[in-house]
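Before any comments, here is the structure.
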There are 2 protein chains.
Amino acid sequence: MNPTIKDVAAHAGFSIATVSRAINAPHTVNPVTLEKVREAIAALNFRPSPLGRQLRGERTRLVGVVLPTLANPVFAECLQGIDELASAQGYRLMLMTTQYDADRERHAIETLRAQRVDGLILTVADADTHPLLDELDRNGPRYVLMHNDTVRRPSVSVDNRLAAYDGVRMLIAHGHRRILMLAGTLAASDRARLRYTGYAQAMEQAGLTPMPALEIDFNADELAPSVLAHLTSPANGAARPTALFCSNDLLAMVVMRGLRRARFEVPDNMSILGFDGLAMGELLSPPLASICTPNREIGCAAWERLIARLDDTYADASLTLTLPHTLREGATIAAIASSDAEPRKRSVQALP
Amino acid sequence: MNPTIKDVAAHAGFSIATVSRAINAPHTVNPVTLEKVREAIAALNFRPSPLGRQLRGERTRLVGVVLPTLANPVFAECLQGIDELASAQGYRLMLMTTQYDADRERHAIETLRAQRVDGLILTVADADTHPLLDELDRNGPRYVLMHNDTVRRPSVSVDNRLAAYDGVRMLIAHGHRRILMLAGTLAASDRARLRYTGYAQAMEQAGLTPMPALEIDFNADELAPSVLAHLTSPANGAARPTALFCSNDLLAMVVMRGLRRARFEVPDNMSILGFDGLAMGELLSPPLASICTPNREIGCAAWERLIARLDDTYADASLTLTLPHTLREGATIAAIASSDAEPRKRSVQALP
DNA sequence: GTGAAAGCGCTAACAA
DNA sequence: TTGTTAGCGCTTTCAC
């Protein structure tokens, strides 16, 4: 087994109290003693067990991170930001994923709370209506939400509504009038709903009629034929959309591939705008236009706010921190004649 | 604070021992008592603190996961596999990343060991020569390596040498003769070195001369101009390569973009083969050819082997589990005339 | 400057 | 069946 403070004490010829002090408050112990203790520690390769400390009721220096999934690099990027600061500051991270499932969210939070984490950083499906968060507000460890865009709770996010609004305005500025929004399951994500609101506002402000969002299972490898048909020639006889606003980049990429397989070229036959600004999107051809969220920074900011809350140095009265989004123009958006005509075709490009 | 077993005992009117038994061995306590205790637990919303249990020296049901980075989806995918099984089996995961840095690897392992994790799942830069792993073999918690392809230690991996060999053979079968391998830092990854070995073997077996691997910083946003120049027209006057074997998909994607920006079309002017089989690669255009590793399965298998080792049901004498790799043909590989001529150009494709 | 001892939440002898 | 108690590794009074 691992050596304990007792072993060190015996080896050094002092009491465990002295060893403890030598570790935690070196200046309160005689330099000679200190040296001996340090030798013993080195000799035994002793590392104090956090368990003992944690049990004593101090900080555990454990932080729980609850994310929907790691399959979406958005969250992996956030986690990178968190991990960077956490490990620099000597905290340990306990990770749980929920797959957007409410039961798993509950389970994760309870498990982490039982483990006596000092704090929690989480992205939940629906922040406003989450009873567990109320519970956390009352008793639980402190927490900061990430990417959940709510004014009711401590959170770090972009302004999803505004970001979507800005993005759709850009599409409109490029001459698009029939713009369709694609989403995963709206019910599963407060963010997606806010993005739809922004979409609708931009449309209305331009005198256009927002269409209902088209929900898509983007975990499927293939785009469903019915969806594809809807995009390329809607059943109701209406003109097909000229641009798609996708509520996330992963979705945009899947749609892009589906369209291309159907020989529907992007952006010549269809413009596409994503959301998230995944680094990967820039590697596509053409590079994906996207509304970029600063994911790593969101992770870092969430960490800093959590620590501030733990230390009660959370002076900032506002619960919510809104980070700026940016538009990445990419090359998946074509300008079309404002007469609402078919998009122009690009000339065939010569090979070098 | 959270309620403790004492609070429950007081509330229920029994001793803490009875409460403990009610939780851990319900059949040993009187049904009536059991019911009362359960009521008390529910009333107080009590959840036993793992800390107490952990300190008692039992299993902590904590498993440490040490990964180079989450920026590469390969590791995020492995982690997904691990997390799935871990949470189903009531384990908690403590995550640390190392950025391929030996010091951080050491630090992560020590931190996790100090936290008294039951076991460790890790991907290190160089498994064979890692002194800390020897130390773990002796005293540490048990561990299983993931993606580290070594016969000397418990590990789950593909056969990196063979996989690279197979991939390069495919390139050769397509008529390529000047095949260059691109890698990150060879020194930082035992996997990359094995892949180079496989590359060299395939080349030699076909009577071709392996070239030295070209090392590239693929964290950079841009391909260095010198690298680009080397790919498109090597300085030494030799003919340029017709195919690139990239030691990972991320690298392949960056190179692909760099080439394209330089108006060097893939696969017409250059064929590309990646390694990892990232799902994302299929969304590229053209879809990236790659040697696919079953990342999620590797994570799951590593988990299962770790648990087997913890339970001492590790009957399988072999340390190493080798999972099969597959070739994904994609569309980034063009056939060229075996006369070693320039790759044929594809005819310009008509738009639909 | 140092040591003895209590106690954090829990489990597992051992007693009753 | 239930209770009492020791002890896991550590920090922290309180004496000396």
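Atom set for the values below is all heavy atoms of this structure, side chains included, hydrogens, waters and symmetry mates excluded. Protein chains get the first letters and strands the later ones, always in sequence-line order, with residue 1 at the start of each.
- Residues A:Leu136 and A:Leu120 approach most closely at CD1-CD2, 3.9 Å, considering heavy atoms.
- For the pair A:Arg116 CZ and D:dC10 P, the interatomic distance rounds to 20 Å; values are reported in whole Å.
- Dashed line: the shortest gap from a side-chain N or O of B:Arg53 to OP1 or OP2 of C:dC10 is not under 4.0 Å.
- Rounded to whole angstrom, the span from the CD atom of A:Gln115 across to the P atom of C:dC10 amounts to 12 Å.
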Could you run through nucleotides 2-8 of chain C and give me one letter per nucleotide, 5' to 3': B if any protein heavy atom sits under 4.0 Å from the base, S if only the sugar-phosphate is that close, - if neither?
BBB--BB
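- Distance CG (B:Asn24) to P (C:dT11): 4 Å, rounded to an integer number of Å.
- In this structure, A:Ile5 atom CD1 and D:dT12 atom C1' are separated by 11 Å, rounded to whole Å.
- B:Pro50 comes within 4.0 angstrom of nothing in the nucleic acid, heavy atoms only.
- Looking at heavy-atom distances under 4.0 Å, A:Ser20 makes contact with a base.
- Atom-to-atom, CZ of B:Arg61 to P of C:dC10 comes out at 17 Å; the value is rounded to the nearest Å.
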Walk me through it: do B:Leu51 and A:Leu51 pass the test side-chain contact (heavy atoms from CB on, under 4.5 Å)?
CA-CA 6 Å; B:Leu51 294 176; A:Leu51 294 178; 4.0 Å; yes
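- Side chains of B:Asp101 and B:His107: a donor-acceptor N/O pair is absent below 3.5 angstrom, by distance only.
- The nearest whole Å value for the distance from the NE2 atom in B:His27 to the C1' atom in D:dT2 is 15 Å.
- A donor and an acceptor atom, one from each side chain of A:Arg92 and B:Gln115, are located under 3.5 Å apart.
- For the residue pair B:His130 / B:Glu105, a side-chain donor-acceptor distance below 3.5 Å is found, with atom types taken as modelled.
- Side-chain contact of B:Asp118 with B:Tyr91: a donor-acceptor pair under 3.5 Å is absent, judged by distance alone.
- When the P atom of C:dG9 is taken as reference, atom CZ of B:Phe46 falls 10 Å away, rounded to whole Å.
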